[in-house]
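Model, not experiment: these values are computed from the prediction. Naming: A, B, ... by sequence-line order, numbering from 1 per chain.
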Amino acid sequence: MHAIELRNLTKRFDKVEAVRGVDLTIPHGQICGYLGPNGAGKTTTVKMAVGMLAPTEGTALIEGIDVAERPVEAKSHIGFVPETGALYENLTPREYLALIGNLYHLEPELAAGRADRFLSHFGIADSADRLMTSFSRGMRQKVLISAALIHNPDILFLDEPLAGLDANTALVLKELLRDLASRGKTIFYCSHILEVVERICDRVVIINDGEIVADGAVEELKDLTHQASLEDAFTDLTSTVDVDSIVRALSDNVTGGSPAPGGGGDS
Amino acid sequence: MSPDGPGPTGRGVDVRQLRALITAGVRLDMRSARRRRRSRLGMPPMISMLVTYLVIGSFLAISLWRTNDPFTFALLTLSAAMFMTAVTVIMEYSSVVVNPDDHDILGHRPVSSRTYFWAKIANLFFYVGSTALSLSLPASIAIGMRFGGGVPLAVTYALLALIGCISAAAVVVLIYSTAIRVFDSQRFSSAITYVHTVATLVLTFGYVLVPRMLMREGVVLEISQGRWMWFAPPAWYAGAVELAAGTPGTHNIVFTTMALGSAAAVIAMALSLVSLDYSRRIAELAATSPDVASDEHGNRVSTRFGLIGRSLCRTDEERAGYDLMGRYMHRDRKLRMRIYPAFGLPLAVYLFGVLTRSFADPFGPRPMEQGFPIQELLGFYCVFITLFFATAMTQSDQWKASWIFHAAPVRDRVGIIVGARKLVIWRYIFPFFAVLLVLLSFVIPPVSAAVYLFLTLLLSLLAFSLLSLASPYLPLSQSVEKTRQARQLGLVMLLGVAMGALVAIRETIREAPLPGMIAVVLLAFLAMLSEVALRKRLKVRLAREEFAG
């Protein structure tokens, strides 16, 4: 049994096919990077896998459990950090994490202890009893990550988890993910940041226009595309435009096309 | 199963999850909004709303103290309470009934649909129950004292008011939940604002106009003649109150049965429709992109029509505000959902006036019929529309985008608000009054209709300025806060007394046209003066405002 198994996963919104026949199996303990340009279908895939969106076709299995048929059971194995950063802002972090602990039936003392330690390690213990309305994006992200981990899930889905985090916390999170994977946790990591994916992921899946276009270890993708870096391999697989010409056109759009030695913008 | 807990069962209601969700829901209800911790009265917004409703309830109870019988008293107070509750739920539907954020936050958690459903129901009952009790508490005390029923009658009245208000909320839930299931999301998203308007229209009929009709025809004294009351839910509850007050009779027993039976049926049907799946549908609805073809069509229409209005803008900032507001009114269905119900109110009054032949020339030689001032009610609801605009136009889910007004080198931020207000007046208020003029011309002399509507328009513009003074924010720059519109609805209901000005000026014109016209000119001057005061106040207010996103 695999940790995650996606079979012919497809999602159509009206006339737009956001995800087309995605087949993917991820074994336990693997960190799988899921890459793709904007609008490629990454977040839609994740939302179907965690049971937030119903697939138009296909099935998503978590620990062998069909998410559509037994959602509560499947979801109890999952921790998810959504890209939207949605949380109940009119609660304090402590209250929010207590709520999440209750939803997963953690003992209140266990949940409270874990919540305090998460907030302390992430450096926001002083704000534990403040409403999250005034929190920065980074502080909210720390609460979201804590909420995804507090119940010790088997599988983590992370959609742009580094958004808003400072460099030190980002480093901590990257190392944490490696450590969790070494302890058997499975991690599905969606991101645009290729450097991070290259560094921490055992395997990289690239999606473009709703379809998987490459799947393998970083070195395999480089060999496949005959490129020296993951960045170049990614561009080779997903981009249809010439980067240099686009840069020139954008720059001309900003400056009006004329070189302006000495600088200065339009007044 | 999660390694660190026994885990949810997946079937039935999970009591522990339910308790946690209800607690969180109540906390969220009772806490202040994103930007200001406290309302201007120094209390959390929900408490402030409940106090406002308590004042309205007291006002109603005192003004109806001299009523002769418990049926009439209950009919009028309950119709007000049920109407206010239903309109509150309509205006705050997306936050009161189902919040699309729930899906983002809870959609991936192991919460069964049934658990979520009961948690939302508990929160809905808490919210509606609190507002219902605030509105009806003074009336329940009054009815117990006035009609000799004491505490038992007061408690029975309060319970019936609670059931009635929850039923009114359930009607709204039922209408929307059914609509979202019947239509696909694309069609529903196009129709939602009109569903809102129709819902308001229906509720205005059921909860306000029909009870007034009963009063006018005097059928409360001769119930056997009252054909209207079979269509007025507050009359059923009033019958139950009269029964509790010790007046038996077949009609009261039938009314009580109808009240309780309909409440059970409506609540049961509405409850069966709310679920996490419903929340998902709402979330998908929000994500559904508008139909491109119809959007382009809308743009062409708005461009042709808007050119004249846009030419009224004197600065770039005004034009920016005009364009921004115009595009959001066209594309943001949530914004329209908060505003369009207001149009249902005067339209309901008009239809009702036509059906019951209640319209009379307001400036004609014969005095108006006693007891049912349909013109004044129409005028009041016309002014009401500006309230919806004044409050809703400052709110948006994308309120954080207003950073641009603070970061960009904008010379005159007041101009952005003025431009947005011009859009509202030109594109919505003027056309609406033009339509009303045509409609009214069928039932009263066109000249009288024109004068009367001009008078109402001036009052509306004056109210628009005053309400904007009370809500001095850049367009779409405030978060959509639960209870905000309900509080402002309550305040406007209290301000309804000021509509005496409309009656006074109309009467003056009828009795002595020259002084009456002078009063109209003075009113116009006052409206212009309020606009100048608004600009000055906004200038001071916006100079202090910081972006808190």
Side-chain angles (χ1 to χ4, degrees), chain A residues 13-16 44 46-47 49-54 63 65 67 69-92 95-96 98-108 110-111 114 131-134 137 144 147-148 150-154 157, chain B residues 1-11 14 16-21 23-25 27-37 44 99-115 184-186 276-277 279-281 283-284 287-289 291-292 479 481-482 548-549:
Chain A
F13 295 106
D14 301 321
K15 293 165 192 168
V16 179
T44 305
V46 172
K47 282 187 171 177
V50 301
M52 291 178 71
L53 272 182
E63 298 286 3
I65 304 162
V67 178
E69 285 180 6
R70 288 151 63 198
V72 173
E73 203 178 328
K75 286 173 182 179
S76 59
H77 292 273
I78 294 170
F80 177 41
V81 177
E83 186 190 27
T84 57
L87 38 70
Y88 294 123
E89 294 178 357
N90 274 324
L91 297 181
T92 68
E95 289 168 347
Y96 184 72
L99 166 69
I100 302 302
N102 274 317
L103 296 185
Y104 289 93
H105 285 236
L106 296 185
E107 287 304 317
L110 176 69
R114 276 194 187 162
L131 297 189
M132 292 188 281
T133 47
S134 58
R137 176 73 208 267
L144 283 169
I150 196 164
H151 57 290
N152 186 17
D154 301 318
F157 285 88
Chain B
M1 192 175 75
S2 176
D4 289 335
T9 58
R11 282 185 292 276
D14 186 312
R16 188 164 167 200
Q17 289 183 339
L18 180 65
R19 206 168 46 223
L21 288 170
T23 307
R27 277 188 176 136
L28 292 169
D29 271 351
M30 297 305 290
R31 282 184 183 159
S32 57
R34 196 185 302 267
R35 296 183 70 178
R36 284 186 306 282
R37 301 187 72 118
N99 187 345
D101 284 348
D102 284 350
H103 184 250
D104 275 349
I105 297 169
L106 301 174
H108 57 92
R109 311 275 180 203
V111 179
S112 72
S113 200
R114 198 171 284 255
T115 304
D184 63 59
S185 60
Q186 189 67 61
L276 192 58
D277 175 60
S279 166
R280 181 181 61 76
R281 282 166 182 265
E284 283 186 352
T288 305
S289 55
D291 184 87
V292 176
S479 59
E481 175 193 328
K482 192 172 178 177

Heavy atoms only: give me the nearest B:Asp104-A:Met52 pair and the separation to one decimal. CA-CE, 3.6 Å

Side chain, backbone, both or neither of B:Leu21 within contact of chain A (heavy atoms, under 4.5 Å): both

Using heavy-atom distances under 4.5 Å, tell me whether A:Ala147 contacts chain B through its side chain, its backbone, both, or neither. both

So, for A:Asn102 and B:Gln17, which heavy atoms are closest and what is the spacing to 0.1 Å? O-CG, 4.0 Å

Please look at A:Phe157 and chain B and tell me whether the side chain, the backbone, both or neither of the residue comes under 4.5 angstrom of a heavy atom of that chain. neither

Of all heavy-atom pairs linking A:Leu103 and B:Pro110, the shortest is O-CG, 4.0 Å

Using heavy-atom distances under 4.5 Å, tell me whether A:Leu144 contacts chain B through its side chain, its backbone, both, or neither. neither

Comparing A:Thr84, A:Leu91, A:Val16 against chain B, the one with the most heavy-atom pairs below 4.5 Å turns out to be A:Leu91

Do A:Tyr104 and B:Arg109 have side-chain heavy atoms sitting under 4.5 Å apart? yes

